[in-house]
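See below for the structure under consideration.
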Amino acid sequence: MAETTIPMLPCRTSLIDSVVAFYSALGFDTTYLQKSPYAYAVVERGAVELQLYGMKEYDPASSHSGCYVLTEDVDGLHTAFRAGLKAAYGRVPTRGLPRIGPLKDMSYGVRQFLVTDPTGNTVRIGQPISEDPNHRPAPKETFARALHMADLFADSKQDLPGAAKIIDRVLGLTDEEPTPVQRLRLLVLRGDIAQRMDEAERATELLEEAEAVPLDAAERASAGDALARLAELRD
């Protein structure tokens, strides 16, 4: 027998139209939509189906709901989703609701990005890059460990203040220095966090500092994801 799992995600009733429009921008077809006697919608993109049910008092800001989608082309989906969102919203939303996050190679063997809809549901889209699905041990080197932990706090735990604290501590060290690539990645992630926490002035300072980090050709190649995110945040 072939079974299928279909995520059912909550949605603030008054936002059902904007949520459906968001998934339409990502290339989903709306295969069912009702407003009465309660809000309910079904959106589909290829083999991915999401069902959304309305709740009058649902608070998007405190939402922890979502699902994980595995793909064989995470880079292609990220590009397509960004293009769709830019066409729909006139810009690529990177903070607030809705938003799309950066592509990252995660410690548990996937390359992934996150999209969060207007009602707070987060869909993680990932592609396996390792046969080992377990978390790698946290690196022992100071700055590699900080990047590892800050990524987990920001994306997996959704703890932005905690991630900011980790980065601020290591950037303030006077007895150790990160490599240029590590410094760039730390500054870009911290600037991203500052934007998401509505600290516009601080975000600008951090991203300007990241742009000023000198990199040679090999370092720029290894920092491709961070440089791409920097360009997005500065756009």
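Keep in mind that this is a model prediction, so the values were computed, not measured.
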#### Entry: Side-chain (Gln195) to main-chain (Leu233) donor-acceptor, under 3.5 angstrom
yes
### Task
Please check if Leu50 and Leu33 belong to a single hydrophobic cluster, counting links between Ile, Leu, Val, Met, Phe, Trp and Tyr side chain heavy atoms closer than 4.5 Å.
no
### Shortest non-hydrogen separation from Ala150 to Ile166 and the atoms involved
N-CD1, 4.1 Å
### Task
Check side chain to side chain donor-acceptor pair (under 3.5 Å) between Glu176 and all other residues, then give those that pass, not counting sequence neighbours.
Thr142
### Query
What orientation do Phe113 and Phe81 show, parallel under 30°, tilted 30 to 60°, or perpendicular over 60°?
perpendicular
### Task
Start with the C-alpha distance between Val181 and Arg185, add both sets of side-chain angles, then the distance that settles side-chain contact (heavy atoms from CB on, under 4.5 Å), and finish with yes or no.
CA-CA 6 Å; Val181 171; Arg185 288 175 173 160; 3.6 Å; yes
### Task
Check Met55 against Pro10 and note the closest heavy-atom contact, atom names and distance.
SD-CB, 3.8 Å
### Task
Would you please name every residue forming a side-chain contact (heavy atoms from CB on, under 4.5 Å) with Arg220, sequence neighbours left out?
Leu215, Leu227
### Task
Heavy atoms only: give me the nearest Leu184-Ala223 pair and the separation to one decimal.
CD2-CB, 3.6 Å
### Task
Could you tell me which non-hydrogen atom of Arg196 sits nearest to which non-hydrogen atom of Ala154, and how far apart they are?
NH2-O, 4.0 Å
### Task
Over all heavy atoms of both residues, which pair between Val115 and Phe22 is shortest? Give the atoms and the distance, please.
CB-CZ, 4.4 Å
### Query
Is the closest basic N to carboxylate O distance between Asp198 and Arg95 below 4.0 Å?
yes
### Task
Could you tell me whether the side chain of Asp29 and the main chain of Thr31 form a donor-acceptor pair under 3.5 Å?
no
#### Entry: Common cluster, Ile16/Leu97, ILVMFWY with side-chain heavy-atom separation under 4.5 Å
no
### Message
Using the rule given for side-chain contact (heavy atoms from CB on, under 4.5 Å), can you reason through Leu52 versus Asp117, listing the C-alpha separation, both sets of side-chain angles and the distance that settles it, and then say yes or no?
### Response
CA-CA 11 Å; Leu52 301 128; Asp117 69 23; 4.1 Å; yes
### Query
Would you say Val43 and Tyr40 are hydrophobically clustered, going by side-chain heavy atoms of ILVMFWY under 4.5 Å?
no
### Task
To the nearest 0.5 Å, tell me how far Lys165 NZ sits from Phe153 CZ.
9.5 Å
### Message
Do Met197 and Pro161 make a side-chain contact, defined as non-hydrogen atoms from C-beta onward lying under 4.5 Å apart?
### Response
yes
### Task
Let me know which of Glu209, Glu208, Glu201 forms a side-chain contact (heavy atoms from CB on, under 4.5 Å) with Glu205.
Glu201
### Message
Please determine whether salt bridge (charged side-chain N to carboxylate O under 4.0 Å, His left out) holds for the pair Lys104 and Asp155, giving the CA-CA distance in whole Å, both sets of side-chain angles, and the decisive distance to 0.1 Å.
### Response
CA-CA 10 Å; Lys104 292 182 180 179; Asp155 288 339; 3.2 Å; yes
### Message
So that I can tick it off, tell me whether Lys35 and Asp17 are bridged by a salt bridge, with the cut-off set at under 4.0 angstrom between side-chain N and carboxylate O.
### Response
yes
### Query
Checking side-chain contact (heavy atoms from CB on, under 4.5 Å) for the pair Glu199/Thr204: CA distance, chi angles, key distance, verdict?
CA-CA 9 Å; Glu199 298 172 347; Thr204 297; over 6 Å; no
### Query
Honestly curious: do Tyr53 and Ile6 fall in one hydrophobic cluster under the side-chain, below-4.5 Å linking rule?
no
### Query
Do Asp168 and Arg190 sit within salt-bridge range, that is, some charged N less than 4.0 Å from a carboxylate O?
yes
### Query
Between Arg99, Arg229, Arg234, which is the residue that forms a salt bridge (charged side-chain N to carboxylate O under 4.0 Å, His left out) with Asp192?
Arg229
Just distance, no hydrogens or angles: give the donor-acceptor pairs under 3.5 Å from side chains in residues 67-75, sequence neighbours left out.
| residue | atom | partner | partner atom | Å |
| --- | --- | --- | --- | --- |
| Tyr68 | OH | Gln112 | OE1 | 2.8 |
| Thr71 | OG1 | Asp73 | N | 3.0 |
| Asp73 | OD1 | Gly76 | N | 3.0 |
| Asp75 | OD1 | Arg111 | NE | 3.0 |
| Asp75 | OD2 | Arg111 | NH2 | 3.1 |

### Query
Taking all non-hydrogen atoms of both residues, which atom of Glu177 and which atom of Phe143 are closest, and how far apart?
C-CE1, 3.4 Å
### Query
Under 3.5 Å, is there a donor-acceptor pair between the Ser63 and Tyr58 side chains?
yes
### Task
Evaluate the criterion side-chain contact (heavy atoms from CB on, under 4.5 Å) for residue pair Lys56 and Arg12; output intermediate values, then yes/no.
CA-CA 6 Å; Lys56 289 184 179 180; Arg12 189 176 181 91; over 6 Å; no
